[in-house]
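Residue numbers start from 1 in every chain, and the chains themselves are labelled A, B, ... in the order their sequence lines are given, proteins ahead of strands. Fair warning: this is a prediction, and the values are worked out from it, not measured in the lab.
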There are 2 protein chains.
Amino acid sequence: MKSETLIEKGYRNLKKAIISGEFCPGQSLPQRRIAERFGITTITAREIFRKLEHDGLIEIEPKWGVKICDLDIAELEGRYIVREALEGMAARIVAKKINSQKAEELIKLASEVDKKFESDRINQVNLIKLHYDLHMKIAIESGCRKLVENIERLNLQYMFWHNTVKVDNSWHKKNRNWHTRLVKSIIEGDPDKAEAMMRKHVRVGFKLEMSEFNLTKTSSPSVIDGKLTEESR
Amino acid sequence: MKSETLIEKGYRNLKKAIISGEFCPGQSLPQRRIAERFGITTITAREIFRKLEHDGLIEIEPKWGVKICDLDIAELEGRYIVREALEGMAARIVAKKINSQKAEELIKLASEVDKKFESDRINQVNLIKLHYDLHMKIAIESGCRKLVENIERLNLQYMFWHNTVKVDNSWHKKNRNWHTRLVKSIIEGDPDKAEAMMRKHVRVGFKLEMSEFNLTKTSSPSVIDGKLTEESR
DNA sequence: TTAGTTTATCTGGTATACCAGATATATTAT
DNA sequence: ATAATATATCTGGTATACCAGATAAACTAA
């Protein structure tokens with residue numbers, strides 16, 4: 001049981017705060033302010049920033065500072081393209097090595113997700129977490145650590161984006177049992193089909209999110225340019 | 001013309017040193033020693049380490065220190081799987097938007113690579129650089145920044161690995177005009193075929209490297225466990 | 001009043017110093 | 001000689017302090 005370093009602890013906390021949507025996209029994160037808030041010093045904050053940059057949640061510009069990622073359409077699409085490639089590959093690998101027990105676990109999780117999407121329009125947090133769990137379980141079953149790491153990053157970025165920009169997921173209702181169908185195609189054991197299905201899943205998700213995005217983005221801009229001028233708390 | 005920060009400069013230099021094979025896989029990089037060598041302080045060295053960790057060239061273990069990545073077969077295969085997925089996706093996108101001018105540039109570069117592989121068995125550095133340029137040009141033509149970033153990282157990791165573990169590329173002779181054929185399949189404009197070809201290119205490359213790896217790895221182990229005990233310079 | 005200039009106050013970047021833990025070395029007791 | 005203990009010396013982690021540049025505020029001169 002080794003003690004956690006200040007960097008790791010602060011990283012956990014700030015990461016959670018960012019993903020949960022506490023900061024606006026584009027918002028500036030002065031190192032002294034962050035240090036003060038978490039009871040650490042600037043040097044510790046700087047190392048935390050480096051880790052969050054790796055996660056694709058903030059951007060560090062030398063001689064300028066740190067700001068929460070503010071994704072334009074092109075950037076967001078780029079991340080979805082990477083996600084499509086990697087999650088597709090994960091689905092392919094899982095399809096090749098699936099067994100009946102894992103298949104059952106996946107089906108169970110997928111049906112939970114689909115059920116939540118139909119019933120629960122209030123508690124978005126639980127739903128998003130469950131959806132994240134499903135995608136991560138598929139990734140993990142691939143057995144490829146690098147795939148898991150990358151896919152986790154991309155899904156956390158999605159959660160962050162979802163918590164800062166969008167709020168509505170009603171378009172899911174048009175795709176009943178979407179995730180169950182996805183998982184079924186994986187556990188059938190045909191790698192090509194599994195990969196194609198996962199790719200489609202990611203791609204269609206992006207397009208639907210986009211149409212949603214265009215609506216909410218214009219009605220309530222949450223972007224702040226330049227440095228923060230007033231207190232954030 | 002803005003001045004470069006010490007972190008950026010040191011990052012460039014240390015990155016180049018690592019990729020060029022100056023350090024052994026598994027070798028420890030004490031922050032004070034690195035700081036002394038580059039004429040910086042430990043705090044600057046630590047930030048450089050964070051960036052190199054992001055590049056997949058070193059590993060930072062809290063409370064322990066930094067060491068050059070020492071990839072076992074499973075880890076190496078994982079990176080190749082990611083590379084296969086991403087470069088395959090890049091080839092797909094390029095195939096969809098290729099024009100005659102870009103096609104000509106790609107063919108020219110590919111033929112240079114193939115020619116080098118046949119003729120030049122002395123100057124490996126130039127060859128590897130040219131091979132890197134080809135893969136990067138394909139990635140860049142995809143127009144997707146995230147793909148470019150990830151593919152660049154993976155190819156630099158490959159160069160690092162190549163410069164530290166392997167030395168011989170003679171197996172390329174068995175695949176005459178390999179890269180030219182790859183590029184041709186891309187510029188034909190069939191996305192499915194382009195992606196399949198690029199995937200095969202990466203996958204076969206990995207397997208051939210592996211058989212080579214097994215030979216050289218056993219005959220000359222270059223791994224150092226634990227901390228560095230004697231001077232490195 | 002307004003334009004120009006100085007001054008105060010932010011920001012990130014970085015050197016110094018010190019702490020705590022781990023490891024190796026020396027020393028002492030048996 | 002060997003085992004146990006103490007000590008010196010590594011290591012990474014982190015707080016403090018200060019510098020330089022950029023920006024904003026205030027003041028002065030027209």
For this session: Go through the structure and list residues passing side-chain contact (heavy atoms from CB on, under 4.5 Å) with B:Ala17, not counting sequence neighbours.
Result: B:Glu22, B:Phe23, B:Arg37
What's the [atom1]-[atom2] distance between [X] and [N], to the nearest Å?
X	N	atom1	atom2	answer
A:Glu8	D:dG12	CD	P	15 Å
B:Lys67	D:dT11	NZ	C1'	15 Å
A:Glu61	C:dG12	CD	P	12 Å
B:Ile7	C:dG13	CD1	C1'	7 Å
B:Gln31	C:dA15	CD	P	13 Å
A:Leu29	C:dC10	CG	P	18 Å
B:Trp64	C:dT23	CH2	C1'	12 Å
A:Ile60	C:dG13	CD1	C1'	13 Å

For this session: Look at the side chain of B:Glu105 and the backbone N and O of B:Lys102, then say whether any donor-acceptor pair between them is shorter than 3.5 Å.
Result: no
Problem set entry | Donor-acceptor contact present, side-chain A:Glu47 to main-chain B:Arg46, <3.5 Å | no
For this session: Return the residues of residues 38-54 of chain A meeting this criterion: a heavy atom under 4.0 Å from some atom of DNA chain D. Order them by number, or give none.
Result: A:Thr41, A:Ile43, A:Thr44
Extract from the structure each pairing of a protein N or O with an N or O of nucleotides 18-22 of chain D at less than 3.5 Å, listing the distance.
from	atom 1	to	atom 2	distance (Å)
D:dC18	N4	A:Arg32	NH2	3.3

Separation between [atom1] of [X] and [atom2] of [Y], rounded to the nearest 0.5 Å:
X	Y	atom1	atom2	result
A:Met159	A:Thr164	CE	OG1	12.0 Å
A:Glu36	A:Gln31	CD	CD	13.0 Å
B:Leu156	B:Leu154	CG	CG	9.0 Å
A:Glu195	A:Ile93	CD	CD1	9.0 Å

For this session: Report the residue from B:Arg199, B:Met198, B:Arg203, B:His135 that forms a side-chain contact (heavy atoms from CB on, under 4.5 Å) with B:Arg83.
Result: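 Of B:Arg199, B:Met198, B:Arg203, B:His135, side-chain contact (heavy atoms from CB on, under 4.5 Å) with B:Arg83 is met by B:His135 alone.
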For this session: Output, in order, the C-alpha distance, side-chain angles, deciding distance and verdict of side chain to side chain donor-acceptor pair (under 3.5 Å) for B:Tyr132 and B:Glu152.
Result: CA-CA 9 Å; B:Tyr132 166 84; B:Glu152 180 179 29; 3.0 Å; yes
